[in-house]
Structure formats: structure tokens, C-alpha cells
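Here is the structure we will look at.
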Amino acid sequence: MMRNMGPDRHTKGRSRARALIAIVGMLVLGLALAACGSSSSSSSSSSSSSGGSSTSSGSGGVATAKAQLQPYEANPTKITISTPLKSAPPKGKKLVMLATSDPNNVKLQNSLKSLAASVGWSYDQVSYDPANSATFNAAVDTAITKKADYIAEAGIPLTSAVINKVKQAGAKWVLTAVYPVTVQDPVIVDANGYESDYLMGTVLANFFISDSNGKGNVLVEHIPAYPILGGFTDGFQAQVKKLCPGCTVKIINITIPDLAAGKVPSIMVSALRTNPNANYMAFDVGPFATGINSALNAAGLGNKVKIIGEAADEAAIAALKNGTQTAWTGFSPIYSTYVMMDAMLRDAEGMPINAKQSAVQPTQILTHDNINAAVGSSSSWNQPTNGLAQFKQLWHVQ
């Protein structure tokens with residue numbers, strides 16, 4: 001998944017929100033492409049609630065949440081993959097990236113290009129418009145004509161037809177943040193999958209339970225049209241239900257049109273007015289919180305709720321530093337390119353690829369207290385800081 005937006009500013013919110021169709025890995029480019037079943041026509045004010053039943057008592061649940069949160073308070077130091085390659089990778093393979101102009105997609109492009117060069121592979125890319133499924137299909141065809149051994153894609157749910165087209169051409173798919181997807185030939189990996197979002201949801205829930213001392217009431221922004229984000233809400237709700245009988249979770253579903261129109265802040269403020277007992281507000285992607293502090297302040301509700309969420313972007317990190325937001329999970333889009341490259345190298349050597357290890361990446365609970373230690377002077381989170389060096393050691397590459 002890719003997340004990236006600027007600071008909390010109303011004046012930029014609407015134009016940036018329109019770009020969110022492509023952010024989050026362009027997860028729903030042409031929903032018809034993948035027939036995911038999500039719809040942008042559902043009411044933006046629709047919501048669901050959860051909470052109440054639990055397998056733990058209040059105090060016991062809080063203690064459990066604190067214990068489970070502890071390993072995620074420090075900077076991650078190890079990558080999720082540990083088995084080295086049999087030998088240095090073979091040279092001469094070709095990687096083609098299906099590319100967009102989204103800033104985070106550009107980060108992936110630059111990283112994959114550098115990684116390919118480091119192992120003696122060639123790299124090319126084919127651009128497409130994430131709002132036009134025809135250009136995506138054309139990009140796949142062009143990648144095939146370029147004699148790609150591997151075709152990399154971020155976020156687009158693939159039809160069986162496009163999967164088989166690549167297989168018949170003798171190439172293989174290398175994916176990140178795609179859901180739903182089955183990792184089987186010709187799909188060799190889905191880096192940063194549903195499991196990663198589920199983990200971040202669980203970690204954030206443990207913070208919510210601990211920080212509220214088992215009495216939290218949270219409104220959770222959620223966009224059902226991005227299926228992979230269900231991992232976050234699933235993980236969050238399951239953990240709260242398990243550990244916190246005194247907590248309340250209410251999901252606020254938001255549609256793609258309302259997202260694109262920059263209405264997320266106003267919808268969440270309205271939800272807060274309707275649910276005045278809420279004392280937390282959670283977001284399932286960093287950029288979706290853009291404008292929320294300004295909107296809350298304008299409504300006279302600036303001190304009513306603590307802002308938390310998954311996958312901190314640059315704006316969330318800045319808000320943690322200045323104390324205007326409370327907690328986010330760390331997320332690095334670049335880490336997924338290391339996993340994608342790792343899978344290609346293993347495939348090239350005929351080695352097995354651990355789908356479970358490849359689907360989850362390191363994360364961390366980020367707060368005002370640890371954000372400077374976690375990112376230093378950087379505006380983004382990228383841990384472990386020596387992650388690439390650890391992967392290159394596995395690859396026998398200097």
C-alpha cells in the first residue's frame with residue numbers, strides 16, 4: 001500500500017483528495033477490472049458499530065494490550081525474511097514496472113530501478129492512467145512486448161484474463177498491496193498484503209485500549225471501496241472485541257466520490273457531533289486524515305478527540321512531532337520493493353517464496369514520545385534503517 005499526502009491544510013485538501021483515487025497503491029483502478037464488489041455509490045454516512053463482548057475482563061484486557069504493544073514501541077531492527085539465496089542472483093533478467101505519476105508510485109519505480117541495477121538486471125517501465133482501465137490493459141500488453149521476465153504492479157486487482165495473458169507470455173507478476181489476490185503461478189508475491197494491514201490494526205487497537213485504560217470510544221474512518229483496508233478494520237475490531245468490553249468502536253463508511261471531493265473531514269466532524277461520547281478518531285490510511293485537525297478546530301471540537309491511525313504519512317509524522325495527533329503505525333512503501341526484489345531473485349533461482357513472510361512488513365507504534373527517535377530529521381518512517389543492507393546480505397550482493 002502506498003500512502004503520501006502533505007500537511008493538514010484545508011486549502012490543499014480538495015485537490016489532494018482528488019488524487020487519493022491513485023494513492024493507496026491505486027487499489028481500485030477500474031473496480032470493474034477486478035469485480036471486487038465494492039461500490040462507491042453507498043451512502044457516505046453509513047456506519048457500523050462493534051464492541052461489547054470480550055474474552056478478557058477490563059483490567060486484564062488492558063494489561064494484555066499493553067504487553068502485546070510493547071514489542072512495537074521500539075524501532076524494528078530485523079527484516080521479515082531470513083533465508084539466504086543459494087548463490088548470487090543470475091544476471092540478465094528484465095523487470096518492467098507498470099507505473100503512474102502518483103508520488104508514492106514514483107518512489108517504488110525509483111527503488112525497483114535501483115534494485116534491478118544492483119543485481120545486474122535491466123529495468124523499464126510503462127505508464128498508465130489509474131482512472132482509465134483501458135490504459136492499464138495497454139500497459140500490460142506493452143510490458144509483454146518488451147520481453148519482461150517480471151511485471152511489477154502496485155495495487156491493481158487483477159482479472160484472471162490479465163493474469164493468464166502474462167503467464168502465456170512467459171512472464172510473472174510481482175505485486176504489492178493487491179487484494180484480493182491468490183499468490184500462485186504466475187503471481188509470485190504480494191508484498192504488503194492484507195496481513196500487514198491486519199497487523200497494524202491489531203497494534204493500533206492495543207494502543208487504543210492501553211491509552212484509554214479500557215474505556216475508549218472511537219470513530220473509525222473507513223473506505224470500503226479499498227478492499228485491502230478491510231484488513232485494518234478487521235484487525236482493529238477483533239482485538240478490541242477480544243480485550244476491551246468497556247470500549248466502543250463505530251465504523252464510519254465513506255465513499256470514493258466523497259473522498260475525491262475532500263469531504264472526509266466534514267463527514268468525520270458530523271459523526272463526532274452524532275456520537276458526542278467519542279474520545280478517539282481513527283483513520284485507516286495517513287492521507288485520509290488530511291484536514292481533520294483544521295475541521296475539528298473550526299467546529300470547536302479541537303480538543304474533543306485524540307487522532308490515531310495506520311500508516312503514518314509525512315503529515316501524520318509532523319502532527320505527532322508537534323503534538324496535534326496522538327498515535328500512528330509506521331509504514332514504509334519502499335520496504336515492499338525489497339520484498340518484491342527478493343521474490344524475483346528466489347524465483348529466478350528456483351527457490352520457494354514464503355508468502356506469509358512476504359505479505360507482512362515491520363511496523364511500529366509512533367507517538368509524540370518516540371517519533372523523533374523513530375524518524376530523526378526525516379519526514380517519513382523507514383525501518384529498519386539498514387533493511388536494504390540486510391536483504392543484500394541474503395542476496396550475496398554488495
Side-chain angles (χ1 to χ4, degrees), residues 3-24 40 42-49 103 204 207-208 211-212 215-226 229 232-233 236 248-329 366-368 371 379:
R3 294 106 163 165
N4 187 30
M5 288 288 284
D8 182 294
R9 297 186 179 94
H10 255 338
T11 56
K12 296 183 179 179
R14 285 189 173 83
S15 62
R16 288 179 173 178
R18 283 191 284 269
L20 284 172
I21 302 296
I23 291 180
V24 197
S40 62
S42 61
S43 171
S44 64
S45 62
S46 65
S47 65
S48 61
S49 62
L204 192 69
F207 174 86
F208 165 68
D211 188 65
S212 69
K215 299 176 182 178
N217 185 325
V218 61
L219 303 175
V220 181
E221 165 275 321
H222 179 53
I223 298 179
Y226 292 145
L229 298 182
F232 168 74
T233 51
F236 189 94
T248 300
V249 178
K250 189 173 184 63
I251 305 296
I252 309 301
N253 288 331
I254 294 174
T255 66
I256 291 293
D258 282 342
L259 169 67
K263 294 182 179 180
V264 172
S266 62
I267 290 171
M268 295 305 292
V269 167
S270 294
L272 180 57
R273 288 193 172 115
T274 305
N275 299 272
N277 292 327
N279 51 7
Y280 290 81
M281 188 176 287
F283 292 83
D284 56 8
V285 168
F288 296 169
T290 298
I292 190 60
N293 286 102
S294 296
L296 288 169
N297 289 336
L301 299 170
N303 297 318
K304 183 74 171 60
V305 292
K306 294 182 177 182
I307 305 299
I308 62 176
E310 79 155 335
D313 64 349
E314 287 87 345
I317 288 172
L320 290 176
K321 288 184 175 181
N322 65 31
T324 57
Q325 294 180 11
T326 301
W328 288 82
T329 56
L366 303 173
T367 67
H368 179 71
I371 190 62
S379 62

Rounded distance [0.5 Å steps], [atom1] in [X] versus [atom2] in [Y]:
{"X": "I251", "Y": "L219", "atom1": "CD1", "atom2": "CG", "result": "9.5 Å"}
{"X": "F207", "Y": "F236", "atom1": "CZ", "atom2": "CZ", "result": "10.5 Å"}
{"X": "T324", "Y": "L320", "atom1": "OG1", "atom2": "CG", "result": "8.0 Å"}
{"X": "L272", "Y": "K250", "atom1": "CG", "atom2": "NZ", "result": "12.5 Å"}
{"X": "I317", "Y": "L366", "atom1": "CD1", "atom2": "CG", "result": "6.5 Å"}

Inset, instruction - Using a cut-off of 6.0 Å, state whether more than 12 heavy atoms not belonging to N322 lie near its atom CG. - result: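 For N322, atom CG is crowded (more than 12 foreign heavy atoms under 6.0 Å).
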Examine distances only and state if a side-chain atom of [X] and a backbone atom of [Y] form a donor-acceptor pair shorter than 3.5 Å.
{"X": "N279", "Y": "N217", "answer": "yes"}
{"X": "K321", "Y": "S379", "answer": "no"}
{"X": "E221", "Y": "I252", "answer": "no"}
{"X": "K304", "Y": "A278", "answer": "yes"}
{"X": "T290", "Y": "P287", "answer": "yes"}

How close do [X] and [Y] get, heavy atom to heavy atom, and via which atoms?
{"X": "A327", "Y": "L204", "value": "O-CD1, 4.1 Å"}
{"X": "W328", "Y": "G286", "value": "CZ3-CA, 3.4 Å"}
{"X": "P224", "Y": "N253", "value": "CG-OD1, 3.5 Å"}
{"X": "D284", "Y": "E310", "value": "O-OE2, 2.6 Å"}
{"X": "A299", "Y": "R273", "value": "CB-NH2, 3.4 Å"}

Legend entry - Where at least one partner belongs to residues 263-287, residue pairs that pass ring pair (Phe, Tyr, Trp, His ring centres under 6.0 Å), sequence neighbours excluded: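 Listed by first then second residue: F208-Y280.
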Legend entry - Pairs meeting criterion salt bridge (Lys or Arg N to Asp or Glu O under 4.0 Å) with involvement of residues 285-294, two or more places apart: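 Counting only pairs at least two positions apart or across chains, no salt bridge (Lys or Arg N to Asp or Glu O under 4.0 Å) contact touches residues 285-294.
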Inset, instruction - Answer yes or no: is there a side-chain heavy-atom contact under 4.5 Å between D211 and T367? - result: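 They are not in contact (no side-chain heavy atoms under 4.5 Å apart), so the answer is no.
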Inset, instruction - Please tell me if the side chains of K263 and I254 come closer than 4.5 Å, counting only heavy atoms from C-beta onward. - result: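 Heavy-atom side-chain distance check fails, nothing below 4.5 Å.
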Inset, instruction - With sequence neighbours excluded, tell me which residues meet side-chain hydrogen bond (donor to acceptor under 3.5 Å, both in side chains) with N277. - result: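 Checked N277 against side-chain hydrogen bond (donor to acceptor under 3.5 Å, both in side chains); zero matches.
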Legend entry - Partner of I292 by side chain to side chain contact (heavy atoms under 4.5 Å, CB included), out of V305, I307, V264: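 Option passing the side chain to side chain contact (heavy atoms under 4.5 Å, CB included) with I292: I307.
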Legend entry - Derivation of the side-chain contact (heavy atoms from CB on, under 4.5 Å) call for I256 and Y226: CA-CA 9 Å; I256 291 293; Y226 292 145; 3.8 Å; yes
Legend entry - Worked check of side-chain contact (heavy atoms from CB on, under 4.5 Å) between F232 and V285: CA-CA 9 Å; F232 168 74; V285 168; over 6 Å; no
